[in-house]
Trainee: 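Handing you this structure, nothing more for now.
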Amino acid sequence: MSRCRKGRNCSMSLAEELLEQARFLASLDPHSSKQANLRRAVSAAYYAVFHLFSAEVAAQVSPLGPIGLRERTQRALDHKSMYKVAHAFSLSGARPSNLPSDINLPEQLSPELVSISKGFKRLQEERHAADYDVTQIFGRRKVLELVEIAESIFQDWNKERTSKNAPVFLASLMFWNLWNK
């Protein structure tokens with residue numbers, strides 16, 4: 001269910017809006033780029049990807065409703081668990097650790113899924129630094145690179161979302177810490 005507010009492009013998801021915001025903040029005049037804008041661009045790039053995947057997980061859990069289930073599913077995701085999943089899926093050719101033995105990956109990890117996972121990890125690490133490490137200075141070139149990583153994740157996910165491994169990846173984002181109970 002889409003909730004449109006006055007002045008908001010209703011065809012754009014929150015993830016897409018955050019990616020657009022990251023692009024805008026990263027592309028501000030380099031002579032006037034302030035650390036606050038550059039740090040906010042890094043944070044927005046990460047949260048764009050986070051919300052992309054939280055929406056995908058919610059759509060897998062509740063494709064047709066009921067009302068409220070998607071939103072609760074999205075809020076149930078945990079950044080730390082998602083980082084662990086990204087780490088496990090970032091090792092090309094390897095079966096992700098912690099994946100239960102009765103859950104098989106239907107295909108080998110694609111280059112796109114490995115790239116998505118590596119990019120997610122990097123963005124989360126950089127977002128943490130941007131939000132909490134006041135000693136770190138962010139340069140415009142680095143921030144533009146991080147925004148490009150987020151854009152690549154969106155592009156790679158468009159290819160990967162219909163793969164046979166996509167449901168396993170999405171379920172892992174939600175259940176990673178619960179698999180072995």
Side-chain angles (χ1 to χ4, degrees), residues 1-59 68 70-91 111-161 169-170 172-174 176-177:
M1 173 176 277
S2 170
R3 288 179 225 149
C4 296
R5 293 189 189 107
K6 192 173 185 175
R8 180 173 176 214
N9 180 350
C10 295
S11 64
M12 201 181 261
S13 69
L14 176 59
E16 292 166 325
E17 288 180 19
L18 286 165
L19 186 56
E20 185 177 271
Q21 181 185 49
R23 281 187 203 111
F24 171 75
L25 291 168
S27 67
L28 289 174
D29 179 7
H31 301 294
S32 67
S33 289
K34 308 284 188 226
Q35 279 298 294
N37 289 337
L38 294 171
R39 288 170 179 273
R40 184 63 195 120
V42 172
S43 190
Y46 166 73
Y47 278 107
V49 173
F50 174 84
H51 284 287
L52 169 71
F53 289 118
S54 67
E56 291 287 328
V57 167
R70 278 187 177 205
E71 291 81 3
R72 288 195 179 270
T73 301
Q74 286 182 269
R75 287 194 306 267
L77 294 175
D78 172 72
H79 296 276
K80 191 173 185 179
S81 295
M82 292 174 76
Y83 183 87
K84 290 177 184 178
V85 171
H87 176 71
F89 278 81
S90 69
L91 308 171
E112 289 84 9
L113 190 52
V114 170
S115 179
I116 286 166
S117 299
K118 286 180 179 179
F120 183 87
K121 275 180 46 186
R122 170 110 188 263
L123 287 173
Q124 192 179 100
E125 290 163 357
E126 296 289 353
R127 193 270 319 164
H128 194 269
D131 288 353
Y132 303 112
D133 184 355
V134 295
T135 64
Q136 186 166 338
I137 303 298
F138 283 84
R140 187 168 184 267
R141 184 174 293 146
K142 178 180 182 176
V143 172
L144 287 168
E145 175 190 333
L146 294 170
V147 172
E148 286 175 10
I149 289 171
E151 291 171 337
S152 293
I153 290 172
F154 274 70
Q155 292 166 0
D156 286 344
W157 183 250
N158 278 333
K159 296 175 194 168
E160 186 68 27
R161 77 174 357 122
F169 177 73
L170 294 173
S172 295
L173 291 174
M174 182 155 223
W176 195 253
N177 290 332

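Note: hydrogens, waters and symmetry copies are ignored here, and every other heavy atom, side chains too, is used. Every value quoted in this text rests on a predicted model; they were computed, and no experiment measured them.
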Trainee: Say you draw a straight line from NZ of Lys159 to CG of Leu113; how long is it, rounded to the nearest 0.5 Å?
Mentor: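 CG of Leu113 is found 13.0 Å from NZ of Lys159.
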Trainee: Measure the acute angle between the ring planes of Trp157 and Phe53, then classify it against the limits of 30° and 60° as parallel, tilted or perpendicular.
Mentor: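 Answer is perpendicular, since the angle exceeds 60°.
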Trainee: Give the minimum heavy-atom separation between Val85 and Ser172, together with the two atoms involved.
Mentor: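 Scanning both residues, the minimum pair turns out to be CG2-O, 3.2 Å.
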Trainee: Please name all residues satisfying ring pair (Phe, Tyr, Trp, His ring centres under 6.0 Å) with Tyr83, sequence neighbours left out, ordered by chain then number.
Mentor: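 Result, ring pair (Phe, Tyr, Trp, His ring centres under 6.0 Å) vs Tyr83: none returned.
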Trainee: With sequence neighbours left out, what residues match Phe89 under ring pair (Phe, Tyr, Trp, His ring centres under 6.0 Å)?
Mentor: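 Phe89: ring pair (Phe, Tyr, Trp, His ring centres under 6.0 Å) contacts with Phe169.
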Trainee: Just to verify, what does His128 make a ring pair (Phe, Tyr, Trp, His ring centres under 6.0 Å) with, not counting sequence neighbours?
Mentor: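 His128: ring pair (Phe, Tyr, Trp, His ring centres under 6.0 Å) contacts with Tyr132.
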Trainee: Quick check for you: to the nearest 0.5 Å, what is the distance between Arg161 atom CZ and Ile116 atom CD1?
Mentor: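 CD1 of Ile116 is found 9.5 Å from CZ of Arg161.
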Trainee: Under the side-chain hydrogen bond (donor to acceptor under 3.5 Å, both in side chains) rule, collect the residues that match up with Lys121, sequence neighbours excluded.
Mentor: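 Once residues adjacent in sequence are excluded, the partners of Lys121 under the side-chain hydrogen bond (donor to acceptor under 3.5 Å, both in side chains) criterion are His87.
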Trainee: If I take atom NZ from residue Lys34 and atom CG from residue Leu28, how far apart are they, to the nearest 0.5 angstrom?
Mentor: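 Between Lys34 NZ and Leu28 CG, I get 10.5 Å after rounding to 0.5 Å.
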Trainee: Identify the heavy atoms of Leu146 and Leu123 that sit nearest to each other, and give their distance.
Mentor: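 Nearest heavy atoms, Leu146 then Leu123: O-CD2, 3.5 Å.
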Trainee: Quick one: which of Arg127, Arg122, Gln124 gives a side-chain hydrogen bond (donor to acceptor under 3.5 Å, both in side chains) with Tyr46?
Mentor: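 Only match with Tyr46 under side-chain hydrogen bond (donor to acceptor under 3.5 Å, both in side chains): Gln124.
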Trainee: Looking at Glu148 and Arg23, does any basic side-chain N land under 4.0 Å from a carboxylate oxygen?
Mentor: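 Looking at Glu148 and Arg23, the cut-off is not met.
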Trainee: How many angstroms lie between CD in Glu126 and CD in Glu145, if you round to the nearest 0.5 Å?
Mentor: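 One finds 8.5 Å between CD of Glu126 and CD of Glu145.
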Trainee: Would you please name every residue forming a ring pair (Phe, Tyr, Trp, His ring centres under 6.0 Å) with Phe138, sequence neighbours left out?
Mentor: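 None.
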Trainee: Do the ring planes of Phe50 and His79 sit parallel (below 30°), tilted (30 to 60°) or perpendicular (above 60°)?
Mentor: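 Rings of Phe50 and His79: parallel, under 30°.
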Trainee: Roughly how far, to the nearest 0.5 Å, is the OG atom of Ser13 from the CG atom of Leu52?
Mentor: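 One finds 7.5 Å between CG of Leu52 and OG of Ser13.
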Trainee: Using modelled atom types only, decide if a donor and an acceptor are shared between the side chain of Ser54 and the backbone of His51 within a distance under 3.5 Å.
Mentor: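 Here the side-chain-to-backbone pair exists.
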Trainee: With sequence neighbours left out, what residues match Asp133 under salt bridge (charged side-chain N to carboxylate O under 4.0 Å, His left out)?
Mentor: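 Expected list: none.
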Trainee: So, Arg39 side chain and Ala130 main chain: donor-acceptor pair closer than 3.5 Å or not?
Mentor: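 Flag set: sc Arg39 to bb Ala130 pair under 3.5 Å.
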